[in-house]
S.K.: 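Take this structure first; my questions come after.
Note that the structure is predicted; figures quoted are calculated from it, not measured. The sequence lines fix the lettering, A, B, ..., with proteins before strands; numbering per chain opens at 1.
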Amino acid sequence: MFSDRSYCGELTASDSGRDVSVSGWVDRKRDLGGIIFLEIRDVSGVIQAVFDSSVSAVNAETADSVRSEYVIQVKGRVRKRSDDTINPNITTGDIEIVADSINILNRSMVPPFSIDSRDNINEEVRLKYRFLDLRRDDMKEAMIMRHKAMQVTRNFLSARRFIEIETPILNKSTPEGARDFLVPSRLNRGEFYALPQSPQLFKQILMVSGFDRYFQIVKCFRDEDLRNDRQPEFTQIDMELSFITPGMIMETIEELIKVIVKEITGKEIDYSFPVITYDEAMSKYGKDAPDTRFGLEIRECSDIFANSTFNVFSSALSTGGVVRGFAVEDGGKLSRKMTDDYSEYVKKFGAKGFPMVKFNDGKFEGGISKFITDDEKSMVIERFGLKNPAVVFFSVDKEKIVNATLAGMRLKVAGDLDMIDNDKLNFLWATDFPLLEYHEEDKRYYAVHHPFTAPLPDQAGMLDNLTPENAVKMKAQAYDIVLNGVEIGGGSIRIADPELQSKIFKTIGMSDEEAKMKFSFLLDALQYGAPPHGGLALGLDRIMMLLLKRNSIREVIAFPKTQKGQCLMSDAPSPVVDDQLSELSIRVVKK
RNA sequence: GGGGUUGUAGCUCAGUUGGUUAGAGUACCUGCCUGUCACGCAGGGUGCCGCGAGUUCGAGUCUCGUCAACCCCGCCA
């Protein structure tokens with residue numbers, strides 16, 4: 001019955017004269033009385049079928065009875081349309097099917113929203129009726145493009161001797177990094193699996209096993225709060241390689257990325273990705289994943305205002321804070337209201353305010369200009385290279401807050417002034433991340449990336465006389481890949497030396513016993529001939545979101561969760577019956 | 001845990017200073033229509049104004065609480 005099915009969107013003028021059969025959904029009905037047009041939609045597109053009541057009253061009557069989203073099968077002959085009836089808006093607009101028969105395969109309730117992508121539908125409704133939402137062109141495109149990205153990735157990596165190997169979803173919980181999703185074990189009561197935050201340990205084991213190039217397109221799980229680019233389950237293109245340098249990995253990834261970009265957008269990336277160190281990224285952009293599509297680079301100003309009498313500056317500087325800022329040649333577009341709003345807006349970054357001065361004709365005016373001495377003014381002019389009318393924004397606080405504020409405000413101001421070119425794809429590598437981070441609260445070090453990351457080769461010795469002060473100087477062989485200010489992947493060279501590995505564990509306050517309990521299998525493996533190795537993982541969802549210019553990761557995921565982690569379609573998560581709980585020896589404590 | 005935005009017809013949204021019967025477009029239903037293509041024309045039904053309190057003679061509108069979706073901080077590579 002369906003073996004001779006043609007795809008609606010794939011019929012062309014060259015099929016005219018052919019008898020075809022199409023099956024799909026009623027996209028639109030135009031009933032003119034004696035003649036009825038149905039647009040039939042399937043995954044490939046739409047095509048118009050014509051029913052003439054003077055040819056077949058029965059068929060016309062059936063066509064008249066169908067409604068939106070009914071599933072029908074239409075057989076008929078493809079015909080070129082006459083010139084005056086061609087519809088240039090659809091790809092099959094130069095042809096139509098002259099129907100011989102119509103068969104209603106299934107009815108549909110009136111859909112809660114139009115399948116037409118022109119309408120902006122409330123996301124809540126879309127998520128509840130995701131099966132209908134996925135019929136819309138935008139979602140269909142996202143799913144097909146996502147498939148293509150995965151396909152070229154598999155082809156690319158397979159051609160380079162990577163082997164795709166699956167790793168366990170039911171895993172051992174390791175409470176480092178993100179919060180784990182736990183899965184109770186029925187066979188081992190009171191014990192739990194964890195869903196993998198990433199296949200990190202297993203892919204390293206695979207290197208020891210001799211699969212010198214591994215990859216996997218794999219779901220990862222992190223029980224943390226959601227954002228527009230963060231879902232509790234997400235997909236990584238995960239890779240690990242043996243006998244490798246960071247440069248070799250970066251080269252391979254760059255090539256892969258270019259293939260994906262070409263496949264999805266048709267664009268050639270004709271530059272090699274700039275490499276920027278972590279320190280440079282932080283000082284110029286205030287974050288490790290900078291958006292370089294616009295300027296507004298940050299400049300250090302603490303030295304300029306070292307002797308400032310302006311209380312806001314002097315008190316912050318005397319208590320270990322910093323003064324930094326950026327200048328924007330705004331062409332007078334920044335209104336008083338906007339800058340006023342900014343000083344409120346920065347509070348979400350923990351800043352107390354957002355001091356500014358206007359620069360015009362070589363002079364400062366407005367804002368805090370009266371607190372700035374002439375000497376300071378000339379230094380500011382030089383530091384920011386001021387020539388044209390501009391506004392200089394400052395942030396004054398502890399370094400962390402200053403960075404967050406300026407990073408956030410760069411983006412805000414650039415957005416408000418329409419300075420961001422949406423067609424740009426600015427990739428870059430961030431390297432030389434700090435290996436460790438000292439937390440004052442609990443007086444211990446934490447691994448910035450993860451504890452298996454190797455330090456720079458010549459820095460391993462620093463572990464022996466580490467202090468909270470010099471710890472920041474110790475860099476990791478870690479690298480992040482960034483697109484338009486969004487981290488889309490990251491990786492590192494791993495520690496292959498069991499001695500160095502246990503030294504790192506000790507440094508982050510993990511005893512031998514504790515390390516053994518958590519990672520014994522990795523530590524064991526390292527002692528049986530571990531090759532030097534390293535790898536990287538790319539966030540597929542984020543890459544798709546950016547390349548398809550969607551404003552949320554949910555737009556490229558078939559069945560995403562809401563910000564509270566719920567699936568509005570299936571209603572997960574949900575309570576379970578007591579029998580299930582008792583089988584697992586679990587009791588729910590009511591809060 | 002915290003800050004913000006939004007919530008009115010199936011959908012998208014308007015609703016003035018608190019004022020009597022809550023509106024538009026679209027969808028839906030009925031009829032007419034033989035070249036439409038977001039077909040057209042005529043007619044019709046459509047509301048827990050998110051939910052709960054409060055203020056008031058009177059609340060879609062004001063106040064408080066609450067729920068949900070989204071954005072952000074914290075959290076998270």
S.K.: What's A/S54 touching, base or sugar-phosphate or nothing? Going by heavy atoms closer than 4.0 Å.
M.R.: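 If one applies the 4.0 Å heavy-atom cut-off, A/S54 turns out to touch a base.
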S.K.: Using a 4.0 Å heavy-atom cut-off, does A/D288 contact any base of the nucleic acid, only the sugar-phosphate backbone, or nothing at all?
M.R.: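 The answer is base, as A/D288 lies within the cut-off (heavy atoms under 4.0 Å) of a base atom.
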S.K.: Using a heavy-atom cut-off of 4.0 Å across all strands, would you classify A/G177 as base, sugar-phosphate, or nothing?
M.R.: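 Sugar-phosphate, no base atom in range.
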S.K.: Quickly work out the A/F113 CZ to B/C13 C1' distance and round it to whole Å.
M.R.: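 That distance rounds to 18 Å.
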S.K.: What is the distance, rounded to the nearest whole Å, between atom CG of A/L568 and atom P of B/C70?
M.R.: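 Rounded to the whole Å, the gap is 7 Å.
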S.K.: What is the nucleic acid contact for A/S114, judged by heavy atoms within less than 4.0 Å: base, sugar-phosphate only, or nothing?
M.R.: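 Answer is nothing: A/S114 stays at 4.0 Å or more from every strand.
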S.K.: Select base, sugar-phosphate, or nothing to describe what A/L32 touches, counting heavy atoms under 4.0 Å on all strands.
M.R.: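 Base, at least one base atom sits under 4.0 Å.
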S.K.: Look at all strands and tell whether A/R222 reaches a base, only sugar-phosphate, or nothing, counting heavy atoms closer than 4.0 Å.
M.R.: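 The answer is sugar-phosphate, as A/R222 gets under 4.0 Å only of primed atoms, P, OP1 or OP2.
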S.K.: Can you confirm if the NZ or CZ of A/R444 lies within 45° of the ring axis of A/Y446 and under 6.0 Å from the centre of its six-membered ring?
M.R.: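 Yes, A/R444 lies over the aromatic ring of A/Y446.
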S.K.: Does this structure show an ion pair linking A/R324 with A/E399, if we count only N-O contacts that are shorter than 4.0 Å?
M.R.: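 Looking at A/E399 together with A/R324, the answer is yes, because their closest N to O distance falls below 4.0 Å.
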S.K.: Students often get this wrong, so: under 4.0 angstrom with heavy atoms, is A/D52 touching a base, only sugar-phosphate, or nothing?
M.R.: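 The residue A/D52 makes base contact.
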S.K.: When the P atoms of B/A22 and B/G47 are compared, how many Å lie between them, rounded to an integer?
M.R.: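 Approximately 11 Å lies between the P atom of B/G47 and that of B/A22.
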S.K.: Could you check how far OH of A/Y345 sits from C1' of B/C73, rounded to whole Å?
M.R.: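 Whole-Å distance recorded here is 11 Å.
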S.K.: Tell me what A/N120 touches on the nucleic acid: a base, only sugar-phosphate, or nothing, going by heavy atoms under 4.0 Å.
M.R.: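 Sugar-phosphate, no base atom in range.
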S.K.: I want to verify a distance call: between B/C75, B/U12, B/C71, whose nearest atom is closest to the A/I121 side chain?
M.R.: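 Looking only at side-chain atoms, A/I121 lies closest to B/U12.
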S.K.: Which part of the nucleic acid, if any, lies within contact of A/Q200, taking any heavy atom under 4.0 Å across all strands shown: a base, the sugar-phosphate backbone alone, or nothing?
M.R.: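 No contact at all - A/Q200 keeps every heavy atom at 4.0 Å or more from the nucleic acid.
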S.K.: Tell me, please, whether A/Y278 has A/K475 positioned over its six-membered ring: NZ or CZ under 6.0 Å from the ring centre and within 45 degrees of its axis?
M.R.: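 The answer is no, since A/K475 fails at least one limit relative to A/Y278.
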S.K.: Base, sugar-phosphate, or nothing: which does A/R554 touch, judged by heavy atoms less than 4.0 Å apart?
M.R.: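 Contact class for A/R554: sugar-phosphate only.
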S.K.: Any salt bridge linking A/D291 with A/R293? Criterion: basic side-chain nitrogen under 4.0 Å from a carboxylate oxygen.
M.R.: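 Between A/R293 and A/D291 there is a salt bridge, with a charged N closer than 4.0 Å to a carboxylate O.
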S.K.: What is the separation between atom CZ on A/R28 and atom P on B/U26, rounded to the nearest whole Å?
M.R.: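 Answer to the nearest Å: 13 Å.
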S.K.: Counting only side-chain nitrogens and oxygens, does A/K347 get under 4.0 Å of the OP1 or OP2 atom of B/G3?
M.R.: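 Checking A/K347 against B/G3: no side-chain N or O falls below 4.0 Å of OP1 or OP2.
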S.K.: Using the ring centroid of each side chain, check whether A/F433 and A/Y479 are separated by less than 6.0 Å.
M.R.: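 No; A/Y479 has its ring centre 6.0 Å or more from that of A/F433.
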S.K.: With a 4.0 Å limit, can you tell me whether A/Q566 has a side-chain N or O closer than that to the phosphate oxygens OP1/OP2 of B/A69?
M.R.: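 Yes, A/Q566 has a side-chain N/O under 4.0 Å of OP1/OP2 on B/A69.
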S.K.: Reckon A/R67 touches a base, only the sugar-phosphate, or nothing at all at heavy-atom distances under 4.0 Å?
M.R.: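 Since only primed, P, OP1 and OP2 atoms lie under 4.0 Å of A/R67, the category is sugar-phosphate.
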S.K.: Could you tell me the separation between the CD atom of A/Q231 and the P atom of B/C76, rounded to a whole number of Å?
M.R.: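 So the CD-P distance, A/Q231 to B/C76, works out to 18 Å.
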S.K.: Is the ring centre of A/F354 less than 6.0 Å from the ring centre of A/Y345?
M.R.: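 So the answer is no for these two rings.
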S.K.: Report which part of the nucleic acid A/R136 touches: base, sugar-phosphate, or nothing (heavy-atom distance under 4.0 Å, all strands).
M.R.: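 Result for A/R136 = nothing.
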S.K.: Please tell me which of the listed nucleotides, B/C37, B/A77, B/C76, lies nearest to the side chain of A/H449?
M.R.: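 Given the options B/C37, B/A77, B/C76, the side chain of A/H449 is closest to B/A77.
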S.K.: Please work out if A/Q48 contacts a base, only the sugar-phosphate, or nothing of the nucleic acid, heavy-atom cut-off 4.0 Å.
M.R.: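 If one applies the 4.0 Å heavy-atom cut-off, A/Q48 turns out to touch a base.
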S.K.: How long is the line joining CD of A/E123 and P of B/G7, in whole Å?
M.R.: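 The answer, rounded to whole Å, is 16 Å.
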S.K.: Considering only side-chain heavy atoms of A/S552, which listed nucleotide, B/U36, B/C71, B/C11, is closest?
M.R.: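 Minimum distance to the A/S552 side chain belongs to B/C71.
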S.K.: Side chain of A/R230, heavy atoms from C-beta onward: which of B/C11, B/G74, B/C33 has the nearest atom to it?
M.R.: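 Ranking B/C11, B/G74, B/C33 by closest atom to the A/R230 side chain puts B/G74 first.
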S.K.: Mind calculating the distance between CD1 (A/I40) and P (B/U36) to the nearest angstrom?
M.R.: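 Going from A/I40 (CD1) to B/U36 (P), I get 19 Å.
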S.K.: At under 4.0 Å between heavy atoms, what does A/N122 touch on the DNA or RNA strands: base, sugar-phosphate, or nothing?
M.R.: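 Touches sugar-phosphate only.
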